[in-house]
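Each ligand, and each atom within it, is numbered from 1 in the order the structure gives.
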Amino acid sequence: MAKSKFEYVRLFEADDRCLPNTWIVVRVDGKGFHKFSTEHEYEKPNDIKALSLMNRAAMSVMEEFKDVCLAYGQSDEYSFVFRKETQAYSRRSAKLSTNVCSLFTSAFVYYWNEYFPTSKPRYPPVFDGRTVLYPSNQNIRDYLSWRQADCHINNLYNTTFWTLILKGGLTPAEAESKLKGTLSGDKNEILFSQFGINYNTEPEMLRKGTVLVRRKIPVALPNGGTREKSQIVQEHVDIIGDEFWNTNSHLLTVT
Ligand code: GTP
Ligand code: MG
């Protein structure tokens, strides 16, 4: 087919293919969710419905992108780890981040009503998305550890902060100054001695975030017997230590 004289402008498009044989992570993060969570009356410090909606949106991404072997989410963010050798979109960085981000955002709105049956989003939520490459298995593990440590630090702080306000009657400014300079042991102590709360028994989804992985689950056949079916499952487990990676060594192995 004859090309138009305008065809040359295609050359202005940069080649953004990700380096081969590296882990590709696409992370999405809610834009201005401090405001979004307030406007939509998210419970403080954690809203189980909102976090479950995030998990549902992330499931949609994993259902569509089969090369995502693991996803990790907490607060208003989700990270999607593509297999090292994925050829999805010829590894084009913008294709990966925009498709993941767009699907995540539309699924967040699509499933909103299942988690917030009595309200509509007051305005369209926005998520940003980025693609980051990690060359070694240690790097990808450290990346995920970084996000889970962030979850732990923020959740312990937020739990103590809001307990001081909601149960202790402090103002936000008073709670902030009480927590200034405290270490995690101090916050655990405040929760336990003043409010009888053992932080370690708080729900795991809040303390550890959510890991999505594919597992082979036996399903019953109509004529008896079972067959294994791959399913995406949600787990709220530690991914910083070795145990998870020893039990799931296939995740880091090139197939
Ligand atoms: P940008 O990402 O830079 O646009 O800012 P942001 O306002 O989204 O802040 P950030 O991503 O750093 O943090 C997420 C914010 O979302 C938190 O600070 C909370 O204010 C809010 N948030 C996330 N999850 C919950 C929740 O379960 N309950 C409540 N109340 N707020 C939440
Ligand atoms: Mg955000």
Visitor: Go through it in stages, so that I can follow the logic: the residues are Y78 and F80, the test is ring pair (Phe, Tyr, Trp, His ring centres under 6.0 Å), and I'd like the CA-CA distance, side-chain angles, deciding distance and then a yes or no.
Guide: CA-CA 7 Å; Y78 241 100; F80 298 93; 5.6 Å; yes
Visitor: Which residue supplies the protein heavy atom nearest to atom 25 (C) of ligand 1, what is that atom called, and how far is it?
Guide: Y42 CD2, 4.0 Å
Visitor: Say whether G30, considering both its backbone and side-chain N or O atoms, lies within less than 3.5 Å of an N or O atom on ligand 1.
Guide: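 Yes: some nitrogen or oxygen of G30 is under 3.5 Å from one in ligand 1.
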Visitor: Using a 4.0 Å cut-off to any heavy atom of E43, which atoms of ligand 1 qualify?
Guide: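 Close to E43: 28 (N), 29 (C), 30 (N).
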Visitor: Identify, by atom number and element, the atoms of ligand 1 in contact range of D47, meaning under 4.0 Å from any of its heavy atoms.
Guide: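 Atoms satisfying the 4.0 Å criterion: 26 (C), 27 (O), 28 (N).
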Visitor: Answer yes or no for E77: is there an N/O/S atom below the 2.8 Å cut-off from the Mg ion (ligand 2)?
Guide: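 It does not: E77 brings no N, O or S atom closer than 2.8 Å to the Mg ion (ligand 2).
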Visitor: Could you check W112 against H40 for ring pair (Phe, Tyr, Trp, His ring centres under 6.0 Å), going step by step and ending with a plain yes or no?
Guide: CA-CA 11 Å; W112 174 273; H40 293 85; 5.3 Å; yes
Visitor: Please report the closest heavy-atom contact between D238 and G241, naming both atoms and the distance.
Guide: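 Taking D238 first and G241 second, the nearest heavy atoms are OD2-N, 2.7 Å.
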Visitor: Return the option from Q74, K49, H34 holding the heavy atom at the smallest distance from atom 7 (O) of ligand 1.
Guide: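 Residue with the shortest heavy-atom distance to the ligand atom: H34.
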Visitor: Would you confirm whether any non-hydrogen atom of the protein falls under 4.0 Å from atom 3 (O) of ligand 1?
Guide: no
Visitor: For the residue pair F12 and Y8, does the interplanar ring angle fall in the parallel (under 30°), tilted (30 to 60°) or perpendicular (over 60°) class?
Guide: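 Plane angle over 60°, so perpendicular.
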Visitor: Surrounding NZ of K31 (heavy atoms of other residues, nucleotides or ligands, distance under 6.0 Å), is the total greater than 12?
Guide: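 Atom NZ in K31 is not crowded, with 12 or fewer foreign heavy atoms closer than 6.0 Å.
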Visitor: Show the atoms of ligand 1 that are less than 4.0 angstrom away from any heavy atom in S75.
Guide: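 The atoms of ligand 1 under 4.0 Å from a heavy atom of S75 are 14 (C), 23 (C), 24 (N).
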Visitor: Please state which protein non-hydrogen atom is closest to atom 5 (O) of ligand 1 and give its distance, to 0.1 Å?
Guide: G32 N, 3.8 Å
Visitor: Which heavy atom in V126 sits nearest to a heavy atom in F33, and how many Å separate them?
Guide: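 Heavy atoms of V126 and F33 come nearest at O-CE1, 4.0 Å.
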Visitor: If you look at every heavy atom in M62 and A71, which pair is closest and at what distance?
Guide: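 Where M62 meets A71 most closely, the heavy atoms are SD-CB, 4.0 Å.
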Visitor: With E235, which of K208, R215, R214 fulfils salt bridge (Lys or Arg N to Asp or Glu O under 4.0 Å)?
Guide: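 Per the salt bridge (Lys or Arg N to Asp or Glu O under 4.0 Å) rule, the option paired with E235 is R215, out of K208, R215, R214.
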Visitor: Could you check atom 8 (O) of ligand 1 against the protein and tell me its nearest heavy-atom contact, residue, atom and distance included?
Guide: F33 N, 2.7 Å
Visitor: Would you check whether E77 reaches within less than 4.0 Å of ligand 1, judged by its heavy atoms?
Guide: no
Visitor: State, to the nearest 10 degrees, the angle whose vertex is the Mg ion (ligand 2) and whose arms point to O of G30 and OD2 of D76.
Guide: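 Output for this angle: 90°, rounded to tens.
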Visitor: Does the pair F104 and F65 meet the rule for a ring pair (Phe, Tyr, Trp, His ring centres under 6.0 Å), with working shown?
Guide: CA-CA 11 Å; F104 185 91; F65 294 93; over 10 Å; no
Visitor: Which ligand 1 atoms are under 4.0 Å away from a heavy-atom of D29?
Guide: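 Near D29, meaning under 4.0 Å from one of its heavy atoms, ligand 1 has 2 (O), 11 (O).
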Visitor: If you measure from each heavy atom of A50 to ligand 1, is any distance below 4.0 Å?
Guide: no
Visitor: Heavy-atom distance to atom 11 (O) of ligand 1: which of N46, N158, D128, D76 wins?
Guide: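 Nearest option to atom 11 (O) of ligand 1, by heavy atoms: D76.
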Visitor: Check each atom of ligand 1 against the heavy atoms of K31 and keep those under 4.0 Å away; list them by number with element.
Guide: 4 (O)
Visitor: Quick one: does atom 30 (N) of ligand 1 have a protein heavy atom under 4.0 Å from it?
Guide: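 Yes, there is one.
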Visitor: Which is the closest N/O/S atom of D29 when seen from the Mg ion (ligand 2)?
Guide: OD1
Visitor: If we ignore angles and hydrogens, is there a donor and acceptor under 3.5 Å between the side chains of N139 and S136?
Guide: yes
Visitor: Apply the side-chain hydrogen bond (donor to acceptor under 3.5 Å, both in side chains) test between Y199 and each candidate in T159, N155, T160; give the one that qualifies.
Guide: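 Result for side-chain hydrogen bond (donor to acceptor under 3.5 Å, both in side chains) with Y199: N155.
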Visitor: At what distance is the nearest protein heavy atom to atom 26 (C) of ligand 1, and which residue and atom is it?
Guide: P45 O, 3.5 Å
Visitor: Measure centre to centre between the rings of F116 and Y111, then say whether the value is under 6.0 Å.
Guide: no
